[in-house]
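Everything below concerns the one structure shown next.
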Amino acid sequence: MKECHTMLDPKLLRTDLETVVSQLARKGVTFDCDHYLQLEAERKRLQVESESLANQRKEGSKQIGQLMQSGNTAEAEVIKRTMTQLGADMAAAEAAFATTSEALEEMLLHLPNLPHASVPDGSGEEQNVVVSTVGTAPQFGFDVRDHVALGELHRGIDFERASRLSGSRFAVLQDGFARLHRALAHYMLDLHTSAHGYHETTVPYLVDATVLQGTGQLPKFKEDLFRIPESDGGGRERYLIPTAEVPLTNLFRDSIVDAHTLPVQLVAHTPCFRAEAGSYGRDVRGMFRQHQFDKVELVWITHPEASWDALEQLRQHAEAVLHGLGLHYRVLNLCGGDLGFSAAKTYDLEVWLPGQQQFREISSCSNCTDFQARRMQARMREGQGKPELVHTLNGSGVAIGRCLIAVVENYQQADGSIVIPEVLVPYMGTERLIPSGVGAA
RNA sequence: GGAGAGGUGGCCGAGUGGUCGAAGGCGCAGCACUGGAAAUGCUGUAUAGGGGCAACUCUAUCGAGGGUUCGAAUCCCUCCCUCUCCGCCA
């Protein structure tokens with residue numbers, strides 16, 4: 001029978017429905033048990049029925065073959081006639097089974113991953129728990145400018161011309177700001193590859209629907225994605241990636257890797273595309289929330305027993321970026337209600353933005369346990385053992401556009417110039433950005 | 001874009017309607033042989049799902065989907081992918 005791609009372990013659902021229901025509730029999801037149980041009972045009945053009919057047909061066909069070979073065609077004809085009816089019954093049973101399986105799968109594909117025990121209870125971001133706060137907010141003896149004002153002053157960010165090209169939520173960077181953007185990406189990639197052991201990877205920015213289903217963006221979050229219809233690109237529907245997590249993690253779809261090769265750590269710098277449906281009016285000022293932004297993404301593929309340790313390392317790697325830049329930030333342990341669809345646990349890194357006088361998200365590090373692996377059929381094998389689902393993790397290391405905002409706002413001076421953090425100086429070729437019109441240094 | 005070739009198990013590779021989950025080889029594992037090893041011999045060696053307390057058993061899978069047939073790796077249709085040559089192109 002056709003394999004069923006669920007998100008949660010179907011065996012857990014069958015054997016411990018109560019746990020599933022109570023854990024889903026922590027994520028704010030209500031599970032329709034009655035409907036599930038009814039579909040599941042029907043699935044079982046229809047599967048047994050259609051498989052038994054298939055078996056009868058197989059036996060019958062085998063008999064016919066034997067009779068034909070011994071020249072007993074008359075008797076073969078008799079059986080053939082009964083087989084015709086059997087075949088019809090089987091087709092009907094299989095069709096009913098397929099319908100029920102699809103309904104079941106549709107229901108289960110919309111269920112999110114279950115939260116880990118260390119995830120705090122809560123329904124929204126107010127209940128996220130601050131794990132640590134690093135550094136202190138810089139004190140300014142003048143009125144701080146936000147990145148929009150700084151961008152204007154430096155002629156480094158041009159929202160107006162960007163919107164003329166593409167509408168709202170796009171930006172054009174130039175000169176020092178463009179260079180800073182590139183420097184940040186370069187710095188992050190170098191840090192992760194040389195100090196943290198990641199393999200630098202480049203990936204396609206356009207992917208199939210199945211790939212997005214693997215990491216959990218589909219079917220539930222279609223409205224967040226930019227879609228290229230099949231009529232446009234080579235007769236195949238594709239989506240712009242909302243994060244490099246999608247292609248990176250899916251590199252392991254439908255494969256069984258040797259346990260010795262784990263963990264695999266990948267890093268990629270890519271643009272990310274998000275429709276931002278449902279965020280109208282939110283963060284409209286500036287380049288904090290864009291339809292297109294660059295990000296350096298970290299992905300781990302681990303042994304199922306190693307993922308919780310890996311999450312802590314992943315978080316440290318993301319933190320190292322901010323720490324290296326000397327930015328003030330804090331780490332949150334997201335509560336159940338604020339967890340993403342695929343995540344069992346997530347740490348958010350929030351950086352201090354003087355322009356907004358608040359902490360804002362700049363990285364999100366999640367352990368997706370076997371949730372994505374099950375959808376992707378990404379497995380590993382230990383010795384001669386059975387294949388087992390791997391665990392997958394991802395984290396921003398970090399969002400480049402937001403990081404640029406943080407750097408310019410935190411390192412601004414009274415005269416509007418921007419001191420370049422030491423780690424970026426080699427990439428920038430200067431220690432300070434001077435606004436045009438203020439005079440050269 | 002034009003022309004051609006091809007997609008079979010971890011790998012190579014047979015198989016054009018019947019008992020084929022699929023010969024043979026390689027690789028791998030166990031056993032035998034050996035002082036130990038090589039060589040050799042024997043045995044075993046896919047994945048997924050279902051039923052069953054279990055022993056076990058059933059179903060599906062030869063790129064994907066549909067069709068013909070009592071029965072499809074094998075015949076027909078559609079699609080996808082890979083390779084070679086030509087054209088175009090960063």
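Chain letters run A, B, ... following the sequence lines, proteins first and then strands; every chain starts at 1.
For the C1' atoms, the distance from B/U61 to B/A22 is 12 Å, rounded to whole Å. Taking atom P on both nucleotides, B/A60 is separated from B/C53 by 24 Å, rounded to a whole Å. Rounded to a whole angstrom, the distance from the C1' atom of B/C31 to that of B/A14 is 30 Å. With both ends at atom P, the span from B/C20 to B/A32 equals 33 Å, rounded to whole Å. When the C1' atom is used for both B/G17 and B/C11, the distance is 29 Å, rounded to whole Å. Taking atom P on both B/U16 and B/U69, the two are 23 Å apart, rounded to the nearest angstrom. One P atom belongs to B/C75, the other to B/G7, and the distance between them is 12 Å to the nearest Å. Comparing B/C83 with B/C58, their C1' atoms sit 40 Å apart, to the nearest whole Å.
Residue A/Leu53 contributes atom CG, which lies 15 Å from atom C1' of B/G51 at whole-angstrom precision. As rounded to whole Å, 11 Å separates atom P of B/C58 from atom CD of A/Glu51. The NE2-C1' distance, from A/His260 to B/G10, rounds to 16 Å in whole Å. The distance between atom CD of A/Glu77 and atom C1' of B/C70, rounded to the nearest whole Å, is 9 Å. The nearest whole Å value for the distance from the CG atom in A/Asn55 to the P atom in B/G50 is 18 Å. Atom CG of A/Asn72 is separated from atom P of B/C70 by 18 Å (rounded to the nearest Å). Distance, A/Leu39 CG to B/G50 C1': 17 Å, rounded to whole Å. Atom CG in A/Asp254 sits roughly 18 Å away from atom P in B/U61 (whole-Å rounding).
For A/Glu245, the side-chain hydrogen bond (donor to acceptor under 3.5 Å, both in side chains) partners at least two apart in sequence or on another chain are A/Gln372, A/Asn394. In this view, A/Glu431 and A/Val425 satisfy the side chain to side chain contact (heavy atoms under 4.5 Å, CB included) rule, not counting sequence neighbours.
Looking at the side chain of A/Arg381, the nearest of the listed nucleotides B/U59, B/U47, B/G49 is B/U47. Among B/A48, B/C70, B/G49, the nucleotide with an atom closest to any side-chain atom of A/Arg379 is B/A48. Side-chain proximity of A/Lys44 to B/G51, B/C70, B/U19: nearest is B/G51. Minimum atom distance to the side chain of A/Pro387 is reached by B/U47, of the listed B/U47, B/U19, B/G51. Nearest to the side chain of A/Lys58, among B/C70, B/G49, B/A60, sits B/A60. Each of B/U47, B/G71, B/G18 was ranked by its minimum atom distance to the side chain of A/Arg57; first place goes to B/G71.
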Apply the test side-chain contact (heavy atoms from CB on, under 4.5 Å) to residues A/Glu276 and A/Asp224: give CA-CA distance (whole Å), side-chain angles for both, the deciding distance (0.1 Å), then the verdict. CA-CA 6 Å; A/Glu276 293 294 346; A/Asp224 293 335; over 6 Å; no

Pair A/His116-A/Trp308, side-chain contact (heavy atoms from CB on, under 4.5 Å): steps then yes or no: CA-CA 10 Å; A/His116 187 248; A/Trp308 293 109; 3.1 Å; yes

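Side chain of A/Arg161 to backbone of A/Ala171: no donor-acceptor contact under 3.5 angstrom is found. Here the side chain of A/His291 pairs a donor or acceptor atom with the backbone of A/Arg274 at under 3.5 angstrom.
Ring-plane geometry between A/Tyr198 and A/His196 is classed as perpendicular, the angle between the planes exceeding 60 degrees on a 0 to 90 degree scale with a lower cut at 30.
A residue-by-residue look at A/Arg43 and A/Lys386 shows that A/Lys386 has its nearest nucleotide of RNA chain B further toward the 5' end. Summary of the strand contacts: A/Met68 and A/Ile256 both lie near RNA chain B, and taking for each the nucleotide with the nearest heavy atom, the more 5' one is attributed to A/Met68.
Between the side chains of A/Glu51 and A/Gln47, at least one donor-acceptor pair of N or O atoms lies under 3.5 Å. A side-chain donor-acceptor contact under 3.5 Å links A/Asp294 and A/His269.
Residue contacts for A/Ile79: at a heavy-atom cut-off of 4.0 Å it reaches no nucleic acid atom on any strand shown.
Distances shorter than 4.0 Å separate none of the side-chain N or O atoms of A/Lys62 from OP1 or OP2 on B/G71.
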With pairs defined as Watson-Crick or G-U wobble and both distances under 3.5 angstrom, please note down RNA chain B as a dot-bracket string, | for pairing with another strand. ((((((((.[[[..)..(.....]]]((((((.......))))))((((((....)))))).[[[[[..)....]]]]])))))))....

